[in-house]
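First the structure, in the form of structure tokens, and then the observations on it.
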Amino acid sequence: MSHSNSRRQFLTKSGLAAAALSLGIFSRASENRTNVREKKKELEVYKKGLALSTWNAGIIANNAALATMSTGGNATDMAEEGVKVIEADYSNLSVGLGGLPDREGHTTLDACIMNSIGQAGSVCFLEKIKHPVTVARMVMERTPHVMMVGEGAQQFALSQGMTLEDYESPEAVKAYKEWLVKSEYKPIINIENHDTIGMLTMDTNGDIAGSCTTSGLAFKMRGRVGDSPIIGAGLYIDNEIGGATGTGLGETVLRSCTAFLIVELMRQGASPQEACEEAIKRVEKINRFMKDDYQVGFLAVNKQGEVGAFGLRPGFNYALHKNGANQLIDAKYHLKK
Ligand code: ASP
């Protein structure tokens, strides 16, 4: 090819390129390529399923969630069955009937669940029922309501075939007796003393669901409910965008609608990590009048199966089951101590 020919071809091509660019054709083509790549990445995550949950106990819960998926369960089944294993572990002092009691010596349970079609169910201040998350799911699927509390929630659970369990954890009773001596609140929640479980799941369809279950703050005032069973505070799922759940001093989370905020930040383009960081900073800002130190930690997942995690202080960890591997990870944090 002569120099002038190749020069002409170059000019023609670059002319076409300029025209294409001005028409947005290239950007659309590369956008499509990115979309195809993203879709493929999504599909790889979907095939293997994903579960993400708070604290050390998350490892066992994630395994239970993934086992549920392998026998045909969807994201909601994963979210329920995953945390049920922790509710059934009576040695856990923060979840289920083994949980530390309120100031009057009664263990009261809070839980919620949200599925991929926008339905939600929640129970608060529930006593003597082994699986509050299952009652929350029944509220979601068998009633026109979202939230039931106390005696009414218990009556509903019984009407659905559940039974009352009068379990008293020896460890919890001992801790309560010790607490009675000084009767002080200790709002710091960390690996050493807390296990409220919040879980986010993604199934083989790429559908997202989540759950959260707790006995709440140890030695709380009778009737106190934290963020964990509150849709938008302790848990939020929007299957088009992603989900978020967390743990920590519930009052601070309630004031800042943290889970909903994280999902909304992701909707505006933030990655799950960026969204968690921004939301935790917001928690700190909104609660700056607080005199005591406290901990809050949040997790998020988006539709691509990318995850994020962030704590207000050091000490928040979580378990991530992704691409077939289940591991415990220390979250990054905002304040140095
Ligand atoms: N969020 C729970 C509550 O305030 C406690 C926790 O996560 O440890 O009840």
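Each ligand, and each atom within it, is numbered from 1 in the order the structure gives.
- With no hydrogens or angles considered, a side-chain donor-acceptor pair links Thr134 and Glu80 at under 3.5 Å.
- Of the candidates Phe298, Phe310, Trp55, Tyr333, Trp55 is the only one forming a ring-ring contact (aromatic ring centres under 6.0 Å, His included) with Phe316.
- The proximity of Gln295 to ligand 1, defined as any non-hydrogen pair under 4.0 Å, does not occur for either the backbone or the side chain.
- Distance check, rounded to the nearest 0.5 Å: CG of Leu109 to CD of Glu87 gives 7.5 Å.
- By the salt bridge (Lys or Arg N to Asp or Glu O under 4.0 Å) test, Arg267 is found to be paired with Asp238, Glu264, residues two or more places apart in sequence or in another chain being considered.
- The SG atom of Cys257 lies 10.0 Å from the CZ atom of Arg282; values are rounded to the nearest 0.5 Å.
- Residue Asp110 places no N or O, backbone or side chain, under 3.5 Å from any N or O of ligand 1.
- Here is the list of ligand 1 atoms found below 4.0 Å of a heavy atom in Gly216: 9 (O).
- Set against the non-hydrogen atoms of Gly248, the atoms of ligand 1 under 4.0 Å away are 1 (N), 2 (C), 3 (C), 4 (O), 5 (C), 6 (C), 7 (O).
- An N or O contact shorter than 3.5 Å is missing between Glu251 and ligand 1 by distance.
- Here is the list of ligand 1 atoms found below 4.0 Å of a heavy atom in Asp227: 1 (N), 2 (C), 3 (C), 4 (O).
- Between Ser228 and ligand 1, at least one N/O pair is under 3.5 Å apart.
- Annotation for ligand 1: atoms under 4.0 Å from non-hydrogen atoms of Thr247 are 6 (C), 7 (O), 8 (O).
- A distance of 5.5 Å separates CG in Asp227 from CG in Leu254, rounded to the nearest 0.5 Å.
- The atoms of ligand 1 that sit less than 4.0 Å from any heavy atom of Leu217 are 9 (O).
- Applying the ring pair (Phe, Tyr, Trp, His ring centres under 6.0 Å) test to residues at least two apart or on different chains, none of the pairs has a partner in residues 119-150.
- Geometrically, ligand 1 and Gly250 share a nitrogen or oxygen pair separated by less than 3.5 Å.
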